[in-house]
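Please read the structure below before turning to the comments.
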Amino acid sequence: MVQATTLPRNETGIETVVGILKQQFGDRLQTGASVREQHGHTTTWIENQSPDAVVFPQTAEEVAQIVKTCALHKVPVIPFGTGTSLEGHVNAPAGGISVDVSQMNKILAVNAGDLDCVVQPGVTREDLNTHLRDQGLFFPIDPGANASLGGMASTRASGTNAVRYGTMKDNVMALEAVMPDGQVIRTAQRAKKSSAGYDLTRLLVGSEGTLGLITEITLRLQGIPEAISSARCSFPSVDAACQAVMMTIQYGIPVARIELLDALSVKAANDYSKLTLPETPLLLLEFHGSDAGVVEQAETFGQIAEEFGGSDFASTTSTEERSKLWQARHDMYWASLQLRPGASGISTDVCVPISRLAECVTAAQDKAADLGLVAPTVGHVGDGNFHTLLLIDMENEGEVVKAEEFVSWLNDMAISMDGTCTGEHGIGQGKRPYLVKELGAATTYMAAIKRALDPDNIMNPGKILPD
């Protein structure tokens with residue numbers, strides 16, 4: 001595992017807080033080693049840094065109670081949703097209390113006429129969409145994993161639908177949050193727009209729990225489309241596929257999803273999901289609209305794809321066929337692991353302007369090959385975002401060093417292309433060195449906001465900003 005920075009521990013404060021919270025929460029506070037290790041699990045190669053205790057609140061008032069106690073004794077607070085984050089967000093480098101919001105899982109209100117809803121942070125996106133289905137509504141942000149909505153807001157999550165519906169920052173209308181002093185605030189009302197004061201909603205969205213702990217979220221919803229069509233098309237190269245993406249966006253075709261799988265990813269999907277796709281770069285698309293509209297959009301894309309050497313084009317409105325293709329896309333992590341049994345999968349992402357996408361993806365593939373790394377690549381290419389999954393033997397020090405070299409090189413390259421070191425995974429611990437490279441002096445103002453709101457640095461310390 002890659003060693004993570006350890007921060008100074010407040011041993012006396014931690015012992016005191018654990019004792020107080022144990023009296024207040026009883027069995028809803030756990031200190032067993034396995035539970036603590038689970039709540040330090042990072043789903044990546046950063047070493048596990050377990051909290052000293054895990055508490056399971058059920059209300060915002062209980063979260064405020066936890067934070068006030070921790071603030072009084074200067075003990076870290078680390079929010080935890082479902083643990084699917086990828087850059088060490090839930091680690092506890094200074095120890096402290098993990099606040100697991102899984103029992104705060106109520107859908108508080110659905111305002112169908114206003115196309116919005118209010119949920120607690122432990123509600124997952126799949127649970128919400130199951131609840132909404134009978135009302136003809138859905139929440140469009142789909143990062144792949146069945147993440148909690150609180151975690152998705154905290155990391156400014158994105159996913160396969162972002163090209164049409166945006167990311168979490170575009171779909172969170174308001175938040176309730178517990179601030180570092182234990183005060184509960186609301187950042188906005190349910191109005192569709194407002195000019196009232198600083199935009200605290202977007203300040204907290206993407207702050208990864210370093211400024212406050214989200215206890216309630218007001219989300220923008222969408223109507224379930226009248227019709228949905230999916231399409232797939234194979235290409236002779238990644239460059240040709242990316243050129244087709246650029247042309248599709250420039251033509252103004254309202255694609256809901258447009259995903260790239262490189263040849264290695266297609267091979268993995270074929271083997272794992274029992275498909276028979278040509279093992280060359282592949283685009284998967286989805287169109288939302290009227291019955292006639294989605295067919296027309298798919299046909300127009302087919303014509304564009306043909307200009308760039310696209311082949312084996314097929315489209316369908318069959319729910320079963322669409323589901324099979326998109327399930328294969330969502331299973332890509334597990335499918336890719338089968339390319340090298342026993343290896344660990346290290347996922348990293350960057351995002352660049354679409355005009356640089358083909359260059360960036362091709363260079364990443366060449367770099368991985370030069371280093372001798374097995375590295376299937378997939379991407380939400382409609383917005384220039386792609387993910388490389390490095391399949392690494394973590395017991396092989398040489399491979400780990402090469403993987404670190406690749407990740408560092410990829411981040412630097414994306415930044416040099418006017419892109420970002422992370423399109424949707426967030427900074428956490430793993431990408432802290434690159435934030436300064438990307439944003440420069442702006443990080444000093446971020447640090448000033450952090451100090452002003454959290455002078456004792458108890459809210460998820462060791463994340464986002466340099467020490």
Side-chain angles (χ1 to χ4, degrees), residues 1-6 33-34 36-50 83-93 144-145 238 260-273 279 281 331-350 360-379 386-415 421-434 437 462-463:
M1 304 298 281
V2 174
Q3 189 172 4
T5 301
T6 299
S34 61
R36 292 190 297 108
E37 184 176 354
Q38 176 194 357
H39 285 75
H41 179 59
T42 61
T43 64
T44 184
W45 57 357
I46 301 171
E47 67 174 326
N48 189 300
Q49 296 175 308
S50 301
T84 57
S85 55
L86 292 165
E87 294 292 347
H89 298 81
V90 298
N91 261 345
V238 165
L260 170 70
L261 281 67
D262 72 355
L264 197 55
S265 297
V266 175
K267 173 178 170 49
N270 280 342
D271 293 343
Y272 187 83
S273 300
E279 293 182 359
D331 287 342
M332 276 311 308
Y333 175 81
W334 306 108
S336 296
L337 291 181
Q338 305 307 306
L339 292 170
R340 191 181 180 191
S344 297
I346 309 304
S347 181
T348 189
D349 87 309
V350 296
C360 193
V361 174
T362 301
Q365 291 183 313
D366 291 343
K367 181 69 172 180
D370 288 344
L371 292 171
L373 298 173
V374 181
T377 296
V378 299
F386 70 93
H387 307 256
T388 297
L389 186 70
L390 304 175
L391 301 176
I392 303 299
D393 176 2
M394 295 303 296
E395 302 301 317
N396 185 321
E397 185 177 346
E399 284 192 22
V400 173
V401 170
K402 288 180 178 180
E404 290 177 318
E405 178 184 343
F406 177 86
V407 171
S408 178
W409 171 88
L410 181 62
N411 291 331
D412 287 341
M413 183 178 66
I415 292 168
C421 64
T422 175
E424 58 187 13
H425 289 181
I427 295 295
Q429 292 174 306
K431 297 211 172 187
R432 292 166 73 202
Y434 307 101
K437 291 183 179 181
K463 317 296 166 60

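All values derive from a computational prediction rather than experimental measurement.
Under a 3.5 Å cut-off, the side chain of K367 and the backbone N or O of W409 do not form any donor-acceptor pair. A donor-acceptor pair under 3.5 Å is formed between the side chain of N91 and the backbone N or O of E47.
No side-chain heavy atom of E87 sits less than 4.5 Å from a side-chain heavy atom of Q429. In this structure, the side chains of K267 and D271 come closer than 4.5 Å at one or more pairs of heavy atoms. The shortest distance between side-chain heavy atoms of T388 and V407 does not fall below 4.5 Å. No side-chain heavy atom of T377 sits less than 4.5 Å from a side-chain heavy atom of L264. Contact check for D349 versus K431: side-chain heavy atoms found under the 4.5 Å cut-off. For the pair L390/E399, no side-chain contact is recorded, criterion being any heavy-atom separation below 4.5 Å from C-beta on.
Of the inter-residue distances, the one linking R432 atom CZ with T5 atom OG1 reads 5.5 Å to the nearest 0.5 angstrom. Atom CZ of F406 sits about 9.5 Å away from atom CG of N411, to the nearest 0.5 Å. The structure places CG of L410 at 6.0 Å from OG1 of T348, a figure rounded to the nearest 0.5 Å. Between atom OG1 of residue T43 and atom CD1 of residue I346 there is a gap of 9.0 Å, rounded to the nearest 0.5 Å. Remark: F386 CZ to L260 CG distance equals 9.5 Å, nearest 0.5 Å.
For the residue pair S265/D262, the side-chain donor-acceptor check at 3.5 Å is satisfied. For the residue pair N48 / S50, a side-chain donor-acceptor distance below 3.5 Å is found, with atom types taken as modelled.
The nearest pair of heavy atoms linking L339 to P376 is CD1-CG, 4.0 Å. Nearest heavy-atom pair, I392 versus L373, reported as atom, atom and distance to 0.1 Å: CD1-CD2, 3.9 Å. The minimum heavy-atom distance linking S336 with L389 is given by the pair CB-CD2, 3.5 Å.
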Does the side chain to side chain contact (heavy atoms under 4.5 Å, CB included) test come out yes or no for K463 and I427, once each step is laid out?
CA-CA 7 Å; K463 317 296 166 60; I427 295 295; over 6 Å; no
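Residues in residues 368-378 take part in no salt bridge (charged side-chain N to carboxylate O under 4.0 Å, His left out) pair, two or more places apart or across chains.
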